[in-house]
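One structure below.
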Amino acid sequence: MDVRLKHSMKTLLIFAALLTLCFSLLTSRPAAADEPPAVERITALIDQIQKKYTPDKTTAVFQVKLGQDSNTAEVESTDPAAIAEFERRLKADNITLALIPRLLPAKELNGKVFGVATLSVCNNRTAPANAAEMATQMLLGTPVEVLKRERGYFLVRTPDRYLAWTDDDSIAPMDSAAFQQWKRAEKVVFVAEYGHSYTQPSAVSPRVSDLVAGNILELLETTGDFLKVRYPDERLAYIPASQTMLYSQWLSRRNPDADTIINAAKMMLGVPYLWGGTSNKGVDCSGFTKTAFYQHGIILPRDASQQAAVGVSVDITENGAVSTEKCVRNLIPGDLLFFGRARQQGGAPRISHTALYLGKGEFIQAAGQVRISSLLADAPNYDEVRTRTLLSARRVLTAVGTPDITRMDHHPLYRAQAPDQANARPLPDRYAPQGQ
């Protein structure tokens, strides 16, 4: 074939292909301006479901991982209703998406959906990695829900419903029967500020571990001045009897009064500030208030913003602004103070700090270290920054027994069930309010 003819035919073929492509583009139906692509619609729907079912992501899970082709999605949640509504809304919006539902607790746990903390203080993180930010802590003997396991970490939910990742050496996983057996066992609480357990009933024998106030251990027998105890992970040890209280007595104490809580708070004076800390080893602001109440059998929410939503509001404002005079007049010892940034243009205030009111304008807080400060400008311990950023106050001691201010002996993770209930299911996503 002539080279020129061959070249002309090639050119015609290319031109025809271009015409076909242009025709295809011109005749294809453009997306309506108000109809976003499927991925955007799915993302918007995920956001709506999250706002409805997990407005606080520290206490519940709803997350969706789209496949690379955007035709499949793994849907993980602690609430089956969230998964069901997501699927229903997809169909209603004519979005074709093959769902792979994963309801927590995960099936891979093989029924071991409970656990008990095994270290004096366990560090719980925001992600399953040692380098991840510390979110909170839990003390030895703390019962938890176990939701899943990943890369050597367990995702757990503590009695205050807080979600975080803890090293798999930090808890002893249990099925329902073993967990109920642990709850029914006779136990003791370590009530000294600090101490140790030993391999023999002697303080000069090798140590098993350190201990801090609030640690809970199973009681086996009394040996002289020592108690033989068992850890949740089956380790055996001895602890001085004088540093303990029977768990049943510790739980059954009457509701604490202001003096009781304040004394517990003052026992932590000088303890260093530690982001995520909730123990005598270190506390953040809300971890400090939470620990003061925990030492007397009361569970508060974990974060300052969560604590600011419970109890009864105390009026400390005058003409739309916080009044120091009104604080002194209306606040009583044991109230919680909340600090942060005031609301702007109708938005909610941003709570970033909390403290415990002592009376006469003074409060105790974890800021650098646990210390006592004052709202009064003429006081030597006046805290100008906190006074300027004070937003609100709540009374919690009169609200024990209401949702989120729970006595430990009424909490389903602590309260033992009868033997015939040993095969109980995992706890519901939201605990029913417990009476006083």
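These numbers were taken from a predicted model, which means no experiment stands behind them. Sequence positions, counted from 1, serve as the residue numbers for this chain.
- In this structure the side chain of Pro301 never reaches within 4.5 angstrom of the side chain of Asp160, judged on heavy atoms.
- For Arg157 (side chain) and Thr59 (main-chain N/O), a donor-acceptor pair under 3.5 Å exists by modelled atom type.
- A salt bridge links Arg102 with Glu74: the distance from a Lys NZ or Arg NE/NH1/NH2 to an Asp or Glu carboxylate oxygen falls below 4.0 Å.
- The closest donor-acceptor contact from the side chain of Lys281 to the backbone of Gly277 lies at 3.5 Å or more, if one exists at all.
- When all heavy atoms of Tyr294 and Gly214 are compared, the closest pair comes out as OH-O, 3.1 Å.
- The side-chain heavy atoms of Met138 and Thr166, taken from C-beta on, include a pair separated by under 4.5 Å.
- Taking each heavy atom of Ile171 and Pro173 in turn, the nearest pair found is O-CD, 3.4 Å.
- Phe339 has its side chain out of reach of Cys285: every pair of non-hydrogen atoms, C-beta onward, lies at least 4.5 Å apart.
- Atoms SG and CG, from Cys122 and Leu139 in turn, are 8.0 Å apart once rounded to the nearest 0.5 Å.
- Counting heavy atoms from C-beta outward, Val156 and Asn124 have side chains that approach closer than 4.5 Å.
- Counting only distance, with no hydrogens or angles, the side chain of Glu318 and the backbone of Ser323 share no donor-acceptor pair below 3.5 Å.
- Looking only at side-chain heavy atoms (C-beta outward), Phe293 and Ile261 come within less than 4.5 Å of each other.
- The structure places CH2 of Trp250 at 6.5 Å from CD of Gln295, a figure rounded to the nearest 0.5 Å.
- Between the side chains of Tyr231 and Ser197, a donor-acceptor pair is found at a separation under 3.5 Å.
- Salt bridge annotation for Asp303-Lys290: absent, with no cationic side-chain nitrogen under 4.0 angstrom from a carboxylate oxygen.
- The pair Arg161-Glu145 does not meet the salt-bridge criterion, since no charged nitrogen lies less than 4.0 angstrom from a carboxylate oxygen.
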### Query
What do the steps show when you test Asp404 against Arg302 for salt bridge (charged side-chain N to carboxylate O under 4.0 Å, His left out), and what is the final call?
CA-CA 10 Å; Asp404 296 314; Arg302 173 61 184 91; over 6 Å; no

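- Nearest heavy-atom pair across Ile316 and Ala393 is CD1-N, 4.1 Å.
- Looking at Lys112 and Asp175, no side-chain N of the basic residue comes within less than 4.0 Å of a carboxylate O on the acidic one, giving no salt bridge.
- Within 6.0 Å of CZ on Arg151 lie more than 12 heavy atoms contributed by other residues, nucleotides or ligands.
- Although no hydrogens or angles enter the test, the distance criterion places a donor-acceptor pair under 3.5 Å between the side chain of Lys187 and the main chain of Ala185.
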### Query
Does the pair Asp257 and Thr260 meet the rule for a side-chain hydrogen bond (donor to acceptor under 3.5 Å, both in side chains), with working shown?
CA-CA 5 Å; Asp257 57 19; Thr260 302; 2.7 Å; yes

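- Of the N and O atoms on the side chains of Glu193 and Asn280, not one donor lies less than 3.5 Å from an acceptor on the other residue.
- Checking Asp315 against Thr317 by side-chain atom types alone, a donor-acceptor pair falls below 3.5 Å.
- Here the straight-line distance linking atom CD of Gln200 with atom CZ of Phe226 works out to 10.5 Å at 0.5 Å rounding.
- Judged by distance alone, with hydrogens and angles left aside, the side-chain atoms of Lys183 form a donor-acceptor pair with the main-chain N or O of Arg415 at under 3.5 Å.
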### Test log, rule side-chain contact (heavy atoms from CB on, under 4.5 Å), inputs Leu45 and Ile42
CA-CA 5 Å; Leu45 181 54; Ile42 293 169; 5.6 Å; no

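- Ile49 places a side-chain heavy atom less than 4.5 Å from the side chain of Arg89.
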### Task
May I have the step-by-step check of ring pair (Phe, Tyr, Trp, His ring centres under 6.0 Å) for Phe62 and Phe86, ending in yes or no?
CA-CA 10 Å; Phe62 178 81; Phe86 182 59; 5.8 Å; yes

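- Residues Leu391 and His353 form no side-chain contact, since every pair of their non-hydrogen atoms from C-beta on lies 4.5 Å or further apart.
- For the 3.5 Å distance criterion, the side chains of Ser373 and Gln365 qualify, holding a donor opposite an acceptor.
- Between the side chains of Ser286 and Gln306, no donor-acceptor pair is found at a separation under 3.5 Å.
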### Task
Start with the C-alpha distance between Tyr53 and Glu85, add both sets of side-chain angles, then the distance that settles side-chain hydrogen bond (donor to acceptor under 3.5 Å, both in side chains), and finish with yes or no.
CA-CA 10 Å; Tyr53 289 95; Glu85 181 165 338; 2.6 Å; yes

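- No donor-acceptor distance shorter than 3.5 angstrom exists from the side chain of Thr126 to the backbone of Ala135, with no hydrogens or angles considered.
- Note that Arg149 lies in the cation-pi zone of Phe154, set by a 6.0 Å cut-off to the ring centre and a 45° limit from the axis.
- The number of heavy atoms from other shown groups lying within 6.0 Å of CD (Gln181) does not exceed 12.
- Tyr198 and Ser205 make their closest contact through CB-OG, 3.2 Å (heavy atoms, listed as atom of the first residue, atom of the second, distance).
- Asp409 and Tyr247 form no side-chain donor-acceptor contact under 3.5 Å, judged by distance and modelled atom types alone.
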### Task
Begin with the C-alpha distance, continue with both residues' side-chain angles, and end with the deciding distance and a verdict on ring pair (Phe, Tyr, Trp, His ring centres under 6.0 Å) for Trp182 and Tyr414.
CA-CA 10 Å; Trp182 181 85; Tyr414 286 96; 7.9 Å; no

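- Formation of a donor-acceptor pair under 3.5 Å by the Thr78 side chain with backbone atoms of Leu104 is not found in this model.
- The closest donor-acceptor contact from the side chain of Thr402 to the backbone of Ile405 lies at 3.5 Å or more, if one exists at all.
- By the 6.0 Å contact criterion, CG on Asp225 is open, its count of non-hydrogen atoms from other residues, nucleotides or ligands being 12 or less.
- The residues Lys65 and Glu76 are annotated as not salt-bridged, no charged nitrogen and carboxylate oxygen being separated by less than 4.0 angstrom.
- Side-chain atoms of Leu140 and Leu119, non-hydrogen and from C-beta on, never get closer than 4.5 Å to each other.
- The CG atom of Leu90 lies 7.5 Å from the CG atom of Asp93; values are rounded to the nearest 0.5 Å.
- The CZ atom of Arg395 sits 10.5 Å away from atom CG of Leu336, with the distance rounded to the nearest 0.5 Å.
- Neither side chain, Gln307 nor Arg394, offers a donor N or O lying under 3.5 Å from an acceptor on the other.
- Around CE of Met267, the count of heavy atoms belonging to other residues, nucleotides or ligands within 6.0 Å does not exceed 12.
- Listed here is the closest heavy atom pair of Leu274 and Met134: CD2-CE, 3.7 Å.
- Here the shortest heavy-atom pairing between Asp210 and Ser120 reads OD1-OG, 2.9 Å.
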### Query
Can you list the steps and then say if Glu150 with Trp165 is a side-chain hydrogen bond (donor to acceptor under 3.5 Å, both in side chains)?
CA-CA 9 Å; Glu150 186 176 317; Trp165 295 88; over 6 Å; no

